[in-house]
Amino acid sequence: MTGKEIIKYLEEWAPKGIAWDKDNVGLQVGNPEMKIKNILLSLDLKVEVIESAIKENCNLIITHHPILYYPLRNLDFSKNRIARLIEMLVNNSITLYSAHTNLDFTKHGVSYQLAEKLSLKNIRFLKNLSDNQIKLAVFVPVSHINKVAETIHQAGGGIIGEYSNCSFRTKGTGTFKGSSKSNPLIGNKGVVEFVEEVKLEVLVDEWKLNQVISAMKKAHPYEEVAYDIFPLKNENVNYGIGAIGELKDTMDTNDFLNFVSSKLKTSTLRYAKSNKKKIKSVAVCGGSCGDLVDEVIKQNADAFVTADLRYHTFQDAEGKILLIDAGHYETEKPVLDEIKSRLEKLLIENKKIKVLKFKGSTNPIVFYNKSGAN
Ligand SMILES: [Zn+2]
């Protein structure tokens with residue numbers, strides 16, 4: 001199996017098209033055409049991760065955080081940390097692929113996995129993404145409607161939440177008159193034709209539009225296919241930011257802090273107290289999501305678990321919600337298990353390729369606890 005096949009599979013789950021527009025997701029370094037030996041997963045890339053890949057005979061590393069994020073001015077292997085990592089990857093023929101905000105914004109991605117880790121029930125997105133869908137309307141002769149619709153669905157059109165093959169069909173009359181150079185399927189050139197047609201409407205994610213249109217044109221019997229493309233403002237129920245759910249049993253503040261700290265394996269939590277004493281509804285967002293605090297309060301959650309919070313964010317939230325900073329690394333790490341299990345499903349017939357998680361930590365933050373200090 002090639003790197004390209006693995007990447008294609010991952011991007012069906014976490015499409016690059018949903019990533020934040022300033023992000024740099026996807027292939028970072030290497031050759032996607034190469035045959036994969038083993039795969040190593042890590043939140044970040046560092047020298048120890050590459051050393052572990054070499055030791056375990058992995059020639060594909062998948063990280064959450066991309067290394068090519070800020071522009072590189074040089075590739076000085078002696079001074080530049082990123083350049084040194086690139087040198088190590090190239091010298092050892094290792095390909096690096098990163099799924100960053102596309103993994104944050106997909107179902108069962110970073111925030112969903114954090115919610116799962118905290119045993120939340122009824123998990124859904126905190127806020128759906130919007131403005132990334134297209135309404136495609138195509139006019140098809142009645143005789144070909146099922147073939148064209150099926151082709152569009154196979155190419156990825158007509159998915160709403162857990163439903164596929166979604167379409168709307170309206171019958172009507174299409175008219176056309178072919179020029180002397182035309183080759184009409186129905187009727188004769190130079191004669192106005194009236195044909196019973198169906199207007200077929202489907203929703204298409206904008207990053208799938210080109211593939212859907214090209215498949216649609218191949219399946220459509222007309223020489224010239226009439227279709228319309230409308231950008232939509234709709235929320236996309238399949239993709240979103242953060243996650244929210246409920247604990248099975250209500251907890252008090254201390255029990256919940258204890259629970260979060262043991263589930264995420266961190267002894268240190270920074271938090272702001274809430275006036276609510278009972279925790280049932282919990283919002284989460286893996287990584288830096290301080291700007292979602294107002295949204296979480298609006299949705300009446302009792303607690304919000306995220307990371308990278310600022311002093312004034314705590315100050316604004318105090319009294320309104322139990323706001324917990326559980327660490328960037330700690331809140332994102334659970335997604336590695338989901339990547340692993342998905343890849344193992346893909347590789348079920350191909351047991352020679354192992355999917356491993358980096359055993360060390362790539363967290364750059366360490367905690368100092370002076371014994372006896374308050
Ligand atoms: Zn992150």
Side-chain angles (χ1 to χ4, degrees), residues 10-11 13-29 40-50 61-71 81-82 85 96-118 123 125-127 129 239-244 260-261 263-266 268-271 282-293 295-296 304-310 313-314 323-340 342 357-358 360-367:
L10 282 177
E11 289 180 357
W13 169 39
K16 280 166 74 175
I18 58 167
W20 184 44
D21 54 4
K22 292 189 180 66
D23 200 359
N24 181 31
V25 301
L27 183 84
Q28 303 284 298
V29 178
L40 184 65
L41 310 178
S42 175
L43 266 197
D44 305 275
L45 190 73
K46 53 195 260 186
V47 169
E48 291 84 339
V49 175
I50 304 177
I61 299 177
I62 298 172
T63 64
H64 178 46
H65 295 127
I67 57 167
L68 298 175
Y69 196 77
Y70 300 107
R81 179 180 71 88
I82 303 296
L85 294 172
L96 174 68
Y97 175 84
S98 298
H100 190 210
T101 48
N102 50 333
L103 196 60
D104 289 328
F105 298 156
T106 194
K107 241 181 217 173
H108 308 290
V110 174
S111 294
Y112 261 65
Q113 291 317 306
L114 176 58
E116 295 268 358
K117 194 81 186 169
L118 298 179
I123 299 167
F125 284 118
L126 189 60
K127 201 176 159 194
L129 297 186
Y239 304 103
I241 300 172
I244 187 165
V260 172
S261 118
K263 287 284 181 181
L264 302 185
K265 296 190 176 65
T266 174
T268 307
L269 297 173
R270 299 159 72 227
Y271 70 99
V282 177
V284 300
C285 189
S288 319
C289 304
D291 52 356
L292 286 177
V293 174
E295 178 65 30
V296 172
F304 183 30
V305 181
T306 183
D308 295 350
L309 296 174
R310 295 162 63 238
T313 310
F314 281 116
L323 178 63
I324 303 175
D325 185 332
H328 194 119
Y329 178 82
E330 292 81 355
T331 55
E332 291 188 336
K333 203 175 160 232
V335 79
L336 295 182
D337 289 322
E338 179 67 13
I339 304 175
K340 187 171 189 299
R342 282 178 184 252
K357 279 197 305 173
F358 176 61
S361 167
T362 60
N363 192 355
I365 299 168
V366 286
F367 298 98

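As the structure lists them, so they are numbered: ligands from 1, and atoms in each ligand from 1. Since the model is a prediction, treat every value here as computed from it, not as a measurement.
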Check: E11/N102 side-chain N/O donor and acceptor closer than 3.5 Å: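 Short answer, no.
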Polar contact flag, side-chain donor to acceptor under 3.5 angstrom, S98-T63: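 A donor-acceptor contact under 3.5 Å links the two side chains.
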Identified side chain to side chain donor-acceptor pair (under 3.5 Å) partner of S288 from the options D325, T306, D308: D308
By side chain to side chain donor-acceptor pair (under 3.5 Å) - contacts of H100 (at least two apart):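 H100 satisfies side chain to side chain donor-acceptor pair (under 3.5 Å) with D23 once adjacent residues are dropped.
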Heavy-atom side-chain proximity of I241 to L129 below 4.5 angstrom: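 Yes, their side chains come closer than 4.5 Å.
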Side chain to side chain contact (heavy atoms under 4.5 Å, CB included) assessment of L96 paired with L85: CA-CA 10 Å; L96 174 68; L85 294 172; over 6 Å; no
Sum of protein N, O or S atoms, each under 2.8 Å from the Zn ion (ligand 1): 4
